[in-house]
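Residue numbers begin at 1 in each chain, while the letters A, B, ... track the order of the sequences.
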Protein chains: 2
Amino acid sequence: MFSKACEYGIKAAIFIATQSYEGKRVGPKAIAKEIDSPQAFTAKILQALVKEGVVTSVKGAYGGFEIDRGLLSQIKLAAVVNAIDGDHIYKGCGLGLHTCDANQPCPVHNKFEVIRNDLKNMLEQTSLEELALGVKSGAAFLRV
Amino acid sequence: MFSKACEYGIKAAIFIATQSYEGKRVGPKAIAKEIDSPQAFTAKILQALVKEGVVTSVKGAYGGFEIDRGLLSQIKLAAVVNAIDGDHIYKGCGLGLHTCDANQPCPVHNKFEVIRNDLKNMLEQTSLEELALGVKSGAAFLRV
DNA sequence: TATAAATAGGATAAATTTGTCCGAAATAAG
DNA sequence: CTTATTTCGGACAAATTTATCCTATTTATA
Ligand code: FES
Ligand code: FES
């Protein structure tokens, strides 16, 4: 469904969100530990999230990654997915035709479109805040 | 969503179905041309589909791949996907946790489960026959 | 039986994704 | 200003997926 990089990115963003609630910045080391991911690879993904404006970074001593608390409810999962995997999952044909076009549809177009739109809506409606609260409350987990 | 191999496998199975309707066997060359895929790679995928019992192969002169016409309505897309990509898309966690477990759910578990089940139902309810008819009628296409 | 046509399968190569390493640049604190 | 800390960014390595090539095996027909 999502690439490994995207899975790590989503989990990292959620963890950063939980910490930003308490005004804490976190670095790649703490993030990788918390989401059970390779640290250096995770750092690369964080760079991409910064470049796309999903999270903010502060260099130097006492630096780290954070998300403006006021934005937590506005940043949706879709922004994270888009930043890492692009928009292919939203727009691409399920069978890999060059374009998904209702005028030249693949055999599963109609059925696939429904699923894809549901996924799109879910990602666009789910905020980092909501997911972070699930983790903070102990109802959800970022690692097994 | 699906691997390239799976995309090719689905399209190949649909094309074989359209030809089996007319009692014709087809080989990797014709299939690859029809679905716009690399021929040798497609041949490998066909081997997997044969091994999993999704399609039948006949070796030697006048051989090729076919699907029993009586089974066309019974063979579902899920069988093809399962044969090539396995069951991870049905059972795996959307964020890559080792297991998808409602007792130790990832932050998106509840929302993801809905999408995943819709996809599962779609794949389990859609027959090769139905998709092949779409192609034969000219309503759907296997290549752009 | 000989021949041609066709799938099966192993070895290999190319491309992409995933993952590591290390030095450069920035920044807070002493 | 110096030092310690931390992100940034490029180069590199490993693993996986995608793709190619060639030979063996099978089978219908002449
Ligand atoms: S054309 Fe394949 S999903 Fe739209
Ligand atoms: S635990 Fe992640 S989808 Fe179920």
Side-chain angles (χ1 to χ4, degrees), chain A residues 1-13 16 19-20 24-33 35-67 81 83-86 88-89 92 95-96, chain B residues 1-13 15-16 19-20 23-33 35-67 81 83-86 88-89 92 95-96:
Chain A
M1 181 74 79
F2 304 121
S3 69
K4 269 297 177 202
C6 194
E7 290 176 358
Y8 296 150
I10 293 170
K11 288 186 280 193
I16 295 170
Q19 300 306 294
S20 292
K24 293 181 189 165
R25 289 178 189 147
V26 282
K29 190 173 175 182
I31 294 170
K33 186 180 177 188
I35 71 174
D36 191 23
S37 68
Q39 181 180 330
F41 189 44
T42 306
K44 280 277 189 286
I45 295 159
L46 289 166
Q47 281 183 38
L49 291 180
V50 170
K51 187 172 285 181
E52 298 291 328
V54 176
V55 309
T56 311
S57 71
V58 179
K59 278 181 163 183
Y62 292 81
F65 297 90
E66 64 185 4
I67 301 175
V81 172
I84 302 176
D85 278 354
H88 189 265
I89 199 165
L95 297 188
Chain B
M1 182 73 81
F2 304 120
S3 69
K4 269 296 177 202
C6 194
E7 290 176 0
Y8 295 150
I10 292 172
K11 288 187 278 193
F15 176 60
I16 295 170
Q19 299 305 294
S20 292
K24 292 181 190 165
R25 289 179 189 147
V26 282
K29 189 173 176 183
I31 294 170
K33 185 179 177 188
I35 71 175
D36 192 22
S37 68
Q39 181 180 328
F41 189 45
T42 305
K44 280 276 187 284
I45 294 159
L46 289 166
Q47 281 183 38
L49 291 180
V50 170
K51 186 172 285 183
E52 297 291 327
V54 176
V55 310
T56 310
S57 71
V58 178
K59 279 181 160 184
Y62 292 82
F65 297 90
E66 64 185 4
I67 301 175
V81 172
I84 301 176
D85 277 356
H88 188 266
I89 199 166
L95 295 189

Report task. Determine to 10° how strongly the helix from C/dT1-D/dA30 to C/dG30-D/dC1 is bent, judged from the axes of its five-pair ends. Result -> 0°
Report task. Side-chain contact test, heavy atoms from C-beta onward, threshold under 4.5 Å: evaluate it for A/V54 versus A/I67 and give yes or no. Result -> no
Query - Shortest non-hydrogen separation from A/V58 to A/E66 and the atoms involved - result: CG2-OE2, 3.9 Å
Report task. Write out all pairs satisfying side chain to side chain donor-acceptor pair (under 3.5 Å) with one or both partners inside residues 37-54 of chain A, taking only residues at least two apart or from two chains. Result -> A/S37-A/T42
**Report entry** Test side-chain hydrogen bond (donor to acceptor under 3.5 Å, both in side chains) applied to B/S20 - qualifying residues, sequence neighbours left out
**Finding:** none
Query raised in the report: Which part of the nucleic acid does B/V26 contact within heavy-atom distance under 4.0 Å: base, sugar-phosphate only, or nothing?
Result: sugar-phosphate
Report task. Please name all residues satisfying ring-ring contact (aromatic ring centres under 6.0 Å, His included) with A/Y8, sequence neighbours left out, ordered by chain then number. Result -> A/F41
Requested in this report: Would you please name every residue forming a salt bridge (charged side-chain N to carboxylate O under 4.0 Å, His left out) with A/K33, sequence neighbours left out?
Outcome: none
Requested in this report: With sequence neighbours excluded, give me every side chain to side chain donor-acceptor pair (under 3.5 Å) pair touching residues 55-64 of chain B.
Outcome: none
Query raised in the report: Where do B/Q19 and B/V26 come nearest, in terms of heavy atoms and distance?
Result: CG-CG1, 3.6 Å
Requested in this report: List the protein contact pattern of nucleotides 10-23 of chain D with one symbol per nucleotide (5' to 3'): B for base contact, S for sugar-phosphate-only contact, - for none; contact means a heavy-atom distance under 4.0 Å.
Outcome: BB------SBB---
Requested in this report: With sequence neighbours left out, write down each residue that passes side chain to side chain contact (heavy atoms under 4.5 Å, CB included) with B/A43, or none if nothing qualifies.
Outcome: B/P28
Query raised in the report: Under a criterion of less than 4.0 angstrom to any heavy atom of chain A, what are the 5'-terminal and 3'-terminal contacting nucleotides of DNA chain C?
Result: C/dT18 to C/dA29
Query raised in the report: What distance separates B/I84 CD1 from B/I45 CD1, expressed to the nearest 0.5 Å?
Result: 6.0 Å
Query raised in the report: Which value, rounded to the nearest 0.5 Å, describes the distance between A/M1 atom CE and A/D85 atom CG?
Result: 11.0 Å
Report task. Can you sort out which residues in residues 57-64 of chain A have a heavy atom within less than 4.0 Å of DNA chain C? Ascending by number, please. Result -> A/K59, A/G60, A/A61, A/Y62
Query raised in the report: When rounded to the nearest 0.5 angstrom, what is the spacing between CZ in A/F65 and CG in A/L46?
Result: 4.5 Å
Query - For B/K24, side-chain hydrogen bond (donor to acceptor under 3.5 Å, both in side chains) partners two or more places apart - result: B/E22
Query raised in the report: Looking at residues 46-53 of chain A, who's got a heavy atom less than 4.0 Å off DNA chain D?
Result: A/Q47, A/V50
